[in-house]
Amino acid sequence: MIRRALVTAVCVGLLATACGGSDATLTIYSGRSEELVAPLIEQFTEATGIAVEVRYGDSAELAATILEEGRNTPADVFFAQDPASLGAVKLANLFATFGDEIMTQVPEAFSDVDNRWVGVSGRARVVVYDTTKIDPATLPSTEDGFTDPEWAGRVAIAPTNGSFLAFVAAKILLDGDDATREWLRGMAANGAPTYPSNSVIVAAVDDGEVDAGLVNHYYLFRRIAEEGDSVVAANHFFTGGGAGSLVMPAGVGVLDGTDRAADAAQFVFFLLSAPAQRYFAEETFEYPLVEGVEANPDLPPLDSLNPPELSLSDLATVLDRATDLVAEAGLL
Amino acid sequence: MWVIGFGVVLPVLVPIAALVIRVAGAGGEVWDTLATGRTFTLLVRSIVFTAAVTASAAAVGVAAAWLIVRSDIAGKRTWTVLVSLPLVIPSYVLALSLLSFFGGRGLFADVTGVALPSISGGFGAWLALTLSTYPYVFLVTRAALRNVDPSHEEAARSLGAGPLRAFRTVVLPQVRPAVAAGSLLAALYTLSDFGAVSLMGFDVFTRVIYAQYQGRLDRTPAAVLALVLIVLALVIVWAEQRSRGRAAYFAARTKRQAPTVALTRRWRVAAYCGLGGLVTAALVLPVGVLVAWLARGLAGGQVIDMRWGAVVGSIAGSIAAALLAMAAALPVVVLAVRHQSRASRWLHRAVYVVFSLPHITVALAVVFFAANYLGGLYQSFTLLVLVYAALFLAQATSAGEATLLQVNPNLEEASRGLGKGAWATLRRITFPLMWKGLLAGGVLVFLTTMKELPATLLLRPTGFDTLAVRIWSTTNDLFYARAAAPALLLLLASAVPMYLLVIRPRRLP
């Protein structure tokens with residue numbers, strides 16, 4: 001009897017303590033990885049005294065979670081790594097509107113046209129290639145060239161990766177369904193090797209396992225930071241203004257239903273502040289988007305990249321379509 | 001008691017009912033998902049894969065059990081422990097160690113400079129799951145073989161049948177129900193497995209459901225595929241029940257142990273090589289590879305960022321789940337054993353059906369339901385523990401049942417006859433007599449919860465971390481050295497209770 005009472009007591013106690021609400025903290029849904037974001041969050045809490053709880057996940061997964069939760073979402077802030085996920089929450093009318101004091105800090109092209117989310121750092125799509133095997137002059141001028149038999153089995157992709165899918169979504173908006181389907185089928189027919197993530201592709205190119213790959217620009221710099229001068233891989237930027245030249249901002253929005261609007265706004269200001277922008281430039285090798293903070297000198301200047309003209313939030317309308325087309329082509 | 005009994009399975013059953021309603025309400029889109037050739041391919045691939053793993057696990061499990069019970073090899077006790085121990089290694093840890101041994105960036109290539117071919121894909125997934133599921137078949141078959149009446153086999157042998165033929169025609173049919181039960185566990189485990197197939201990059205239902213959940217804004221396709229997988233799991237359970245119904249049971253009529261079969265020299269060498277190879281692949285290699293990665297990480301100056309929060313999360317979640325499952329198992333067991341009725345049979349069945357559901361589907365259903373209807377419980381530790389307890393309740397009840405069946409009902413009747421009420425009798429007679437069985441069940445629930453991955457990934461509260469989640473999140477970028485420390489800790493934490501269970505020969509589920 002005593003044992004049972006004990007068991008019950010422990011049970012109830014455990015459950016009760018775990019039920020404690022989390023209203024006292026700012027809840028952030030972060031589609032950016034813990035490894036990357038945790039140090040920044042620490043700086044934020046140190047600077048402002050605002051306690052933060054972070055739910056990490058895939059950007060699209062967290063966007064879908066917010067859509068599912070609707071107005072009841074526990075999230076106060078959504079920090080995502082691609083504009084499609086931010087666009088989905090915007091199109092569901094779940095973001096509050098930012099004022100000029102936030103929006104004017106970042107070039108218009110990298111934020112939402114209706115001021116529902118703001119770009120924080122820039123990530124360019126590139127071709128990473130093995131300099132010992134490929135002369136950059138022989139690289140095609142757009143991604144369309146990679147369906148050529150010349151590149152059979154030589155260009156890796158990460159078909160489940162959010163950035164790759166955002167790029168496919170951009171291609172659908174720019175070139176249409178048919179052209180995108182054809183390109184994906186062409187890549188599949190060409191035997192493009194598939195990898196689980198961008199960083200694995202960069203490592204594979206550097207190790208000589210595959211000649212080239214479609215990735216984001218900064219993975220190479222992380223590789224160089226870890227491996228030093230022995231790295232033989234290099235980045236090639238498509239600057240033709242097509243989907244291959246996409247620059248995807250990571251961005252942030254504040255949920256409309258938040259009861260911590262002031263703290264949430266402080267977090268957004270913090271991400272746009274010089275220390276945070278420097279963190280992106282120096283630690284993650286992304287493009288800082290706020291004027292006054294310089295990008296890594298090894299990167300071509302942001303205004304030379306010529307990204308396609310798109311309303312970035314619209315990527316959300318074709319993101320699932322992109323997944324379907326990738327699956328249809330047999331790449332998933 | 002009914003309230004508690006049904007109350008525990010409701011957190012799973014209600015969301016699944018809601019999932020059915022939601023999918024039914026989605027209309028045309030459901031058909032769009034189902035009608036694609038891709039869904040059909042997925043169905044065929046999942047079935048073939050499950051069958052392949054089950055067949056190989058059954059072959060390995062039966063062969064090992066026969067060698068250890070019936071042949072004259074030495075060191076049987078040690079072999080039993082070594083061959084059962086891989087039960088504590090979660091499939092995703094096994095997959096991780098295989099992946100991190102083979103391939104261009106594997107341990108072998110790292111040490112010798114010679115790259116082994118990569119093992120990812122269907123073959124790797126099959127190997128990892130065979131090595132993680134054969135112990136289920138082994139343990140059940142071993143127990144059955146020990147109870148087989150030897151006279152039939154002796155008769156067959158005296159009529160001129162060789163040892164292999166006698167085994168195939170006489171012994172195997174007698175242990176068939178046990179092999180079928182073990183194979184059912186292996187099949188359900190394989191069908192539900194999420195971690196190993198995901199790491200190996202092999203697209204079966206679970207992996208695709210998670211990919212759809214994670215990568216798409218519209219979650220209807222994930223919900224539709226989850227329902228298909230649930231149906232598939234139920235069909236397997238139903239088929240096994242049917243085959244069991246028709247199979248004849250051969251009760252042991254004698255306590256006499258069958259004499260061991262003397263192996264020829266050549267066969268004996270083969271037996272040692274086979275068992276040794278099995279233990280190497282399923283136990284020595286995974287643990288060795290993890291230790292090696294940990295050592296290399298440390299030697300390379302890598303800071304092993306051991307998050308104690310994950311350790312605390314794993315242990316707190318598992319203890320809470322075990323306690324809750326034990327508390328809920330008591331009424332279920334008492335009702336099923338002492339108050340047999342249509343309702344108690346339904347409750348019992350519901351507990352086992354929930355146990356057989358793939359976790360990714362349950363988690364998906366609960367996320368949908370909680371986000372829409374359970375504001376306060378959504379993303380709470382309470383809800384996570386409730387789901388754990390419901391998922392693993394069957395383990396606690398089966399252990400409890402085994403004990404209660406051995407308790408003479410006269411004791412309880414005497415208590416009632418002496419004027420004590422039903423509640424007082426339960427408290428003072430029934431519970432004290434069966435709590436050890438419940439405790440064994442609780443240990444099993446603890447073990448299983450420690451390893452749980454997909455439900456934890458989807459349902460965990462913000463900021464809540466477990467060792468399983470930690471291992472999972474380090475593997476996407478192939479940071480093997482970083483995954484090694486949490487993986488070893490997880491093995492350590494579950495090996496202790498597992499060792500007690502195997503060393504003290506107890507009925508395993």
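Here is how names work: the chains are called A, B, and so on, in the same order as the sequence lines, proteins then strands, and each is numbered from 1.
When all heavy atoms of Leu217(B) and Leu67(A) are compared, the closest pair comes out as O-CD1, 4.3 Å. Nearest heavy atom pair, residue Asp324(A) against residue Arg216(B), reads OD1-NH1, 2.6 Å. Summarising the geometry of Asp58(A) relative to Gln214(B), their closest heavy-atom pair is CB-CG, 3.5 Å, with the distance given to 0.1 Å. In this structure, Tyr210(B) and Glu61(A) approach most closely via the heavy-atom pair OH-OE1, 4.3 Å. Here the closest heavy-atom approach between residue Asp320(A) and residue Asp218(B) is recorded as OD2-N, 2.9 Å. For the pair Glu68(A) and Asn372(B), the tightest heavy-atom approach, listed with the atom from each and the gap, is OE2-ND2, 3.1 Å.
Of the two parts of Pro461(B), only the backbone, made up of N, CA, C and O, holds a non-hydrogen atom closer than 4.5 Å to a non-hydrogen atom of chain A. Residue contact with chain A, scored on non-hydrogen atoms closer than 4.5 Å, involves the backbone of Leu458(B) exclusively. If you measure heavy-atom distances from Ser59(A) to chain B, you find no contacts under 4.5 Å at all. Only the backbone of Tyr56(A) comes within less than 4.5 Å of a heavy atom in chain B; its side chain stays farther off. Glu34(A) touches chain B through its side chain: at least one heavy atom from C-beta onward sits under 4.5 Å away, while N, CA, C and O do not. Heavy atoms closer than 4.5 Å to chain A are found in the side chain of Tyr378(B), but not in its backbone.
Once rounded to the nearest 0.5 Å, the distance linking CD of Glu69(A) with CD of Gln379(B) reads 5.5 Å. Here Leu374(B) contributes atom CG and Asn72(A) contributes atom CG; the two are 11.0 Å apart, rounded to the nearest 0.5 Å.
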